[in-house]
Amino acid sequence: MRDVRIWFSKSGAVKYVSHLDMFRLMTRAVRRADIPLWYTEGFNPHPYISFLQPLPLGVETCYEPLDIRIEGEIENEEIKNRLNAVMPDGMHIEAVTQAFCKPAEAAYGEYKIVLDAEDISAEEVVRIIENGGLTCEKSAKVRGRKGTKIVDVSAAIHSYEVKQENDTVVIFVTLPASPELTLNPLQFLTGISNQYGTVLYPLEASRIRLLCADMSAFS
Amino acid sequence: MIKKLEKILPLVQKPARYTGGELNSVMKDKEKVDIRYAFCFPDSYEIGMSHLGIKILYSLVNDRADAWCERVFAPWPDMEEKMREHDIALFALESGDPIKDFDMIGFTVQYELCYTNIINMIDLAGLPLYSKDRTALTPLIVAGGPSVCNAEPIADFVDLCMPGEGEEITNELIDLLKIHKKKGSTKQEFLREAAKLDGIYVPSLYDVSYNDDGTVKAIKAKDGAPATVKKRVVSDLDKVFYPEKLIVPFIEVVHDRVTHEIFRGCIRGCRFCQAGFLYRPIREKSPETISCQCEHLIKTSGYDEVSLSSLSSSDYTQLETLLDKLLEWTVPQKVNIALPSLRVDNFRKDLIEKLTSVRRSGLTFAPEAGSQRMRDVINKNVTEEEIMSTSRKAFEGGWTAVKLYFMLGLPTETEEDIKEIAALARRVVDVFYAMPERPKGKTVAVNCSVSTFVPKPFTPFQWEPQLSREQILARQELLKTTNTNRKVQISFHEMHVSFLEAVFARGDRRLSKVIENAWRNGCKFDGWDEYFNFDVWMNAFAECDLDPEFYANRTRSYEEVLPWDHMDYGISKKFLIRESEKAKQAQTTAHCREQCAGCGADKLNGGECDARCKNLVF
């Protein structure tokens, strides 16, 4: 029995698969690939599959970790090849490694957001971020009940970069992704939209990678 | 994906309903196919993707190099609103192309309450609603599925119907359309030729006249169309096409598993049950074929459950052999076997035990009626003793919750029969407490789900009235007050929905105006409580000057011309009258394996019926 970390990318239609559905998708993929999974004991055995950082609906990812527990002898490379043979379009296994970092070590996520230049210019985006005061609503437990709280987006931005590319505006931004605070790129975009006064829809939003607190790659 | 769509997807619930791209969905080069077919399921993605028929026919058409079948589901109202706002016409999931440019658009009609969704989808596609207003040959709009046994309420919207099983006729129709498309035929020329195929019904080739009292006077075929249209059946289930791969949805659908049909038809002949007559004659698939196909489908899908489907699974003659074969590979692969549709009378404990070795799901039985007299009227040949002994076996097997299905408003029903429903449920509770070694600290729950009887075509009750809405309410009230046991929960199916079902199940062509009117006033997704609007429907009947009670609550005579009399489903009218008369005397009819009742369905299959040639095993 050992834990392996599977690094996958997803783009296209698969980005609309929710976190819960991703779990089902991966469970089935692992079954199709005939990977010797470890099952829990008891009346209703189920495999151990764990996503480290949920992604919001509509966000793509380039290199996302997922842990599974396996049983029996199988090489990491073999796991990767077998999985890639049975993945749906848009999902690809980039690597299979040992699980080096603990899930709680993830601190930041690096994101790319592409906007339609018809909707907003690069200068305008920079101006809004520099002005500060970006906020967004986030669901949270308020005194044990479901509610929402206002999050200070500006304070949470670690670093960013904005570029004009042909008819698009490309934003690279690093946001917290730790147990204490996680901000996703759509919430960041909501912060900008709130200041801009118009709702901005991304042409593309993706997570490039996860980082540890010292800004080294989460591995 | 088109850019317009990309922008609206983040704004709707469950966008994965509209993206396509699921595992095992089929992509083709549209330049290299002759026929593009949009297979539409007029309900949500989750419902449609749970349906076995669409999966079979999708694979069947895509098996041909010259055709490409794509899927279309009814967009949920939030998505529809965005599509209309952004001018996005109804598109197919695989290519994202608008279906108005396809050669054929097919609807599978599973129940009457999807009629508004059908015309809503035609409208969303950007096409005229009525067949007569779509003058070009393509896109041809076709319909199939059980409800086309009486397609009259939607007959003016569709170009043709395919009564019966689709595995053979779909390909024949595509072949014919391909020829006529090449020839440049008109729609009329094509339809006249199509009507000559066995199992094709072209409504526009039949003139319907009415009597002064509103009943049908005559249905006359014209332009060479046959006087009656025979439904198609497949003769050998072991040889008929079955998919090698199933599309695996990204989002969770209602039945998220491998479903396998083990036999078609039903030997029981319950007199209210349309499916029991529509799908005759009996044809079984061999355990070898089923097990082999299931194992392959599990491999290519990654699912962890196989569901064996049929109208009455315990009537499959080789159930034991089949389960043994399946368990050989399902146990090591940790695959669960679901066996819905078991009957109360031959429910066996050893059989349950085999299934619990994998995983256990809920247990549902359908006594349908509370009293023995009532069960004899409907020919549900189940005794009280059998219900009790089955419940005992279930409780002994570890179940503590049982669901019971009943119907209210059956022909000849009395107050006594209704009170017996509550009494029966109570006696099931008693069975639990009478068990000496019942699980300590556990309580029992008997949930009764009570629906309203809907008379359907091609059943012995097709001439019967549905009770008036006031009567149904009164009887529901009576049942509620009769039940005093706290372990028994009684829930009722929405009565107004059943009323509309009764109208449309036995409706005629004049109802198309009502459907259009209701839809124009906002009706769609009528099968969903949150969208069902009875007042709009009643208003539509009033505006079209048609009385819904004429269709639902009237006793018809055996002599009356029924709107579906030009459809031949094998079942003879003589047989149905015989059964109807026996029902009135509370006389039962033995099941088909005990003695053939002469329904006539075997003639559709060259005189073959698996109920007759197989030996009794029970």
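Quick note on labels: first sequence line is chain A, next is B, and so on, each numbered from 1. The figures that follow rest on heavy atoms only: side chains count, while hydrogens, waters and symmetry mates do not.
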Participant: Quick one: what part of M22(A) sits under 4.5 Å from any heavy atom of chain B, side chain, backbone, both or neither?
Facilitator: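 No part of M22(A) comes within 4.5 Å of chain B.
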Participant: What part of V86(A) is in contact with chain B, defined as an atom under 4.5 angstrom from a non-hydrogen atom: side chain, backbone, both or neither?
Facilitator: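 The answer is the backbone of V86(A).
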Participant: Once salt bridge (Lys or Arg N to Asp or Glu O under 4.0 Å) is applied, do any residues pair with D29(B), and if so which ones, sequence neighbours excluded?
Facilitator: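 Only K32(B) meet the salt bridge (Lys or Arg N to Asp or Glu O under 4.0 Å) criterion with D29(B).
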Participant: Using modelled atom types and a 3.5 Å cut-off, is there a donor and acceptor pairing between side-chain atoms of R28(A) and backbone atoms of Y303(B)?
Facilitator: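 Checked: no pair found.
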Participant: Between G20(B) and A13(A), which heavy-atom pair has the shortest distance, and what is it?
Facilitator: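 Looking at all heavy atoms of both residues, the closest pair is O-CB, 3.6 Å.
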Participant: With a 4.5 Å limit on heavy-atom distance, are the side chains of R24(A) and E252(B) in contact?
Facilitator: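 Side-chain contact under 4.5 Å: yes.
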Participant: With a 4.5 angstrom heavy-atom cut-off, could you sort out which part of D34(A) is near chain B: side chain, backbone, both or neither?
Facilitator: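 Neither; nothing under 4.5 Å.
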Participant: How far does CD1 of I251(B) sit from CG of L20(A), to the nearest 0.5 angstrom?
Facilitator: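 It is 11.5 Å, given to the nearest 0.5 Å.
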Participant: Has the side chain of R31(A) got a donor or acceptor atom that lies under 3.5 Å from a matching backbone atom of S301(B)?
Facilitator: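 Pair absent, no side-chain N/O of R31(A) close to backbone of S301(B).
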Participant: Within this structure, what is the CD-OH distance for the pair E6(B) and Y16(A), rounded to the nearest 0.5 Å?
Facilitator: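 Rounded to the nearest 0.5 Å, the CD-OH separation comes to 4.0 Å.
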Participant: If contact means a heavy atom pair closer than 4.5 Å, which residues of residues 190-209 of chain A contact chain B?
Facilitator: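 Within residues 190-209 of chain A, the residues that come under 4.5 Å of chain B (heavy atoms only) are Y201(A), L203(A).
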Participant: Heavy-atom count around E73(A) CD within 6.0 Å, excluding the residue itself: above 12?
Facilitator: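 12 or below, so no.
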Participant: With the threshold set at 4.0 Å, does a side-chain nitrogen-carboxylate oxygen contact exist between D21(A) and K14(B)?
Facilitator: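 Here D21(A) does not pair with K14(B) in a salt bridge, since their nearest N and O are not under 4.0 Å apart.
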